[in-house]
Q: 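First the structure, then my questions, so here it is.
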There are 2 protein chains.
Amino acid sequence: MLGVSQSTVSRAFSPTASISEKKRKMVMDAAAKLGYTPNAIARGLISNRSGLVAIALDSESNPMYDLQSRALALEIQRRGGQVVLCPIDKDDLDLAISRAIEYQVDGLIIATSRLTSRAFAQCEKFGVHLSLINRYAEGINANITGIDNQLAGKQAAEYLSRKGHRQLAYVSGDAGSMTSEERWRGFSSTLQALGLPSPIFIQAKYSFEAGLAAASEILGHGMKPDAIFCANDILAMGVMDGLRQKGAVIPQDYAVMGVDNIPMAAWPSYNLTTIAQPIDKIVKRTVEDLMNRINANQDAEGAYLFEEGTLIERGSV
Amino acid sequence: MLGVSQSTVSRAFSPTASISEKKRKMVMDAAAKLGYTPNAIARGLISNRSGLVAIALDSESNPMYDLQSRALALEIQRRGGQVVLCPIDKDDLDLAISRAIEYQVDGLIIATSRLTSRAFAQCEKFGVHLSLINRYAEGINANITGIDNQLAGKQAAEYLSRKGHRQLAYVSGDAGSMTSEERWRGFSSTLQALGLPSPIFIQAKYSFEAGLAAASEILGHGMKPDAIFCANDILAMGVMDGLRQKGAVIPQDYAVMGVDNIPMAAWPSYNLTTIAQPIDKIVKRTVEDLMNRINANQDAEGAYLFEEGTLIERGSV
DNA sequence: ATGAAAGCGCTAACAA
DNA sequence: TTGTTAGCGCTTTCAT
């Protein structure tokens with residue numbers, strides 16, 4: 001219709017291609033008139049780059065994950081990518097990854113708790129670039145981003161001791177969760193360095209109900225703690241509600257802290273002092289690093305790209 | 001390597017193709033050994049069907065949306081589709097849809113509040129099948145699924161009156177939101193039919209903060225209501241906290257109800273009586289209907305596929 | 001039931 | 001800067 005070749009049209013849509021401004025405008029105008037849009041599927045087939053980035057996440061809902069994955073998706077879009085969502089059903093990360101690989105995703109961001117070495121092998125084999133977010137794994141071709149968990153534990157310990165608390169307790173996330181273990185490590189070692197009594201460790205899970213149960217355990221504990229640091233906010237809110245059900249008053253009887261700063265932490269019923277995840281920084285860094293690796297087609301250095309959390313003072317301490 | 005043609009391999013992976021079981025097994029075994037996976041991108045190019053379904057949602061976080069979109073993604077995956085996530089930045093639904101269309105998505109599920117006619121036109125033009133979920137629109141080629149909002153209002157009205165409440169109030173969602181308007185319609189008309197005084201209408205938004213503000217308005221209102229029906233749970237929780245900040249006790253001073261049954265509604269601090277969204281039913285129906293239309297390539301009937309919500313009795317009434 | 005061949009819409013290498 | 005050509009990996013006639 002315009003008497004130009006297919007290549008010229010292709011070039012008009014490629015920002016880096018060498019084409020005269022005149023022709024580009026001509027093509028773009030005609031495209032707008034006809035409602036033409038390049039077919040990203042066909043582009044992917046030839047260029048061997050789909051523009052797709054998959055996000056794998058656990059199928060249980062969690063306000064923190066949801067916030068994070070939405071921010072990730074937005075940032076990926078902003079940088080010209082498209083997001084494939086892979087909720088992991090019945091722990092079947094491998095299946096979800098195979099399906100993503102069928103779609104030739106360029107990159108994969110993993111935010112699920114249960115990782116498998118097969119998944120990593122698959123990605124390696126098919127050249128899918130990998131990022132882990134708030135997860136840990138050794139010896140894989142991936143970079144890791146997230147909040148600095150040890151530091152978060154340290155921040156909590158210092159804050160609570162500064163506020164005059166002496167006998168502290170930690171309510172952990174799921175057994176084997178590295179995020180929880182690192183927070184505990186930073187917390188307990190800092191308390192030791194400060195010369196405070198060693199903190200009580202209460203094994204729990206990343207859920208509200210586990211917090212409720214942990215509260216009973218705390219109330220029945222011989223060594224009554226005066227402040228409780230919880231592995232995340234949901235857990236902390238469960239602890240608060242559990243404590244209150246037995247008549248305790250927060251922060252007079254017990255100070256409570258969490259990690260994440262989910263929106264509900266600001267609600268008056270909880271008014272929870274917490275360490276905020278630097279979501280924006282984490283998301284920007286994750287996506288930038290991943291996209292760079294995709295574009296340069298280079299391996300990950302296995303780097304830990306941690307960002308510092310921010311203590312948010314509210315009324316629960 | 002196997003001495004079979006490309007077509008045979010293709011047929012081995014197509015469940016409906018005519019191929020001997022022997023050859024199929026041969027191919028599949030070899031594929032497993034080599035780690036071969038069909039390229040969905042190439043398939044999409046030739047078959048004109050990408051297998052991709054996009055989900056468009058608002059970029060603000062909301063536990064209800066998150067639950068729903070995750071369930072949608074899981075169900076789509078289960079049926080062999082792959083999900084493209086399109087969070088809408090700065091209300092730019094049109095842009096997000098153009099980008100989805102570039103990827104030749106077969107279908108689009110819209111769960112965003114601000115719809116544009118241009119978006120619908122685009123989908124129509126490119127043959128993208130459409131579903132709206134808990135949204136309304138007239139005269140478009142789409143089916144609509146969701147909770148029966150009028151019925152939810154009716155359920156709330158009947159329940160509250162049965163519990164002996166007389167002067168009721170409704171705290172609305174965003175102005176112009178059809179979900180909120182329908183809930184109000186069902187609520188107020190049922191109260192009228194029951195011969196109760198006409199309810200107070202308080203204009204708010206679907207947010208916790210709006211609930212907080214609505215609480216002040218309620219406290220300052222000349223006609224003191226004894227029960228408050230809120231357009232959703234988040235709003236109801238805001239109202240509860242706002243009321244309590246001024247010393248009111250729930251449910252003694254005010255009964256409060258919501259809609260959605262988000263996980264937080266069950267937390268002891270709120271223990272909110274609410275009308276549960278039948279998420280599973282809605283999701284199954286939405287995906288089934290959409291996939292059917294995609295497979296048969298047939299138009300939507302503009303049907304309203306509503307599901308009944310379930311009243312969950314807790315302690316806030 | 002199988003194979004040969006065409007072609008989906010695009011990009012990239014090469015030539016002009 | 002532009003056009004020509006080949007080919008990405010698959011599915012789908014059409015023969016056989």
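Throughout, protein chains are lettered first and strands after them, A, B, ... in sequence-line order, and every chain is numbered starting at 1. Owing to the predicted nature of the structure, the values given are computational and were not obtained by experimental measurement.
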Q: Which heavy-atom pair separates A:P38 from A:R43 by the least distance, and what is that distance?
A: CB-NH2, 4.0 Å
Q: Using heavy-atom distances to pick each residue's nearest nucleotide on DNA chain C, tell me which of B:I46 and B:T8 is more 5'.
A: B:T8
Q: Roughly, in whole Å, what's the span from CZ in A:R49 to P in D:dG9?
A: 15 Å
Q: Rounded to whole Å, how long is the line connecting atom CZ of B:R43 with atom C1' of C:dC8?
A: 14 Å
Q: Once you apply a heavy-atom cut-off of 4.0 Å, does B:S18 come out as touching a base, just sugar-phosphate, or nothing?
A: base
Q: Going through the distances and angles, do A:N149 and A:Y136 end up as a side-chain hydrogen bond (donor to acceptor under 3.5 Å, both in side chains)?
A: CA-CA 11 Å; A:N149 287 307; A:Y136 296 77; 2.9 Å; yes
Q: Once you apply a heavy-atom cut-off of 4.0 Å, does A:I19 come out as touching a base, just sugar-phosphate, or nothing?
A: sugar-phosphate
Q: Closer to the 5' end of DNA chain C via nearest nucleotide, is it B:S5 or B:S47?
A: B:S5
Q: What distance do A:I46 atom CD1 and A:I41 atom CD1 have between them, rounded to the nearest 0.5 Å?
A: 14.5 Å
Q: When you measure from the side chain of A:R11, which nucleotide among C:dA4, C:dA13, D:dG9 comes out closest?
A: C:dA13
Q: Classify A:S10 by what it touches in the nucleic acid, base, sugar-phosphate, or nothing, heavy-atom distance under 4.0 Å.
A: base
Q: Do the side-chain N or O atoms of B:K23 get closer than 4.0 angstrom to the phosphate oxygens (OP1, OP2) of C:dT2?
A: yes
Q: Scan B:V9 against the nucleic acid and name what it touches under 4.0 Å (heavy atoms): base, sugar-phosphate only, or nothing.
A: nothing
Q: Using a cut-off of 4.0 Å on non-hydrogen atoms, how would the nucleic acid contact of A:Y36 be classed: base, sugar-phosphate, or nothing?
A: sugar-phosphate
Q: Side chain of A:S7: nearest nucleotide among C:dA4, C:dA1, D:dT4?
A: D:dT4
Q: Are B:E75 and B:T286 side-chain neighbours, meaning at least one heavy-atom pair lies under 4.5 Å?
A: no
Q: Take the protein atom CD of B:E102 and the nucleotide atom C1' of C:dG9, then report the distance between them rounded to whole Å.
A: 13 Å
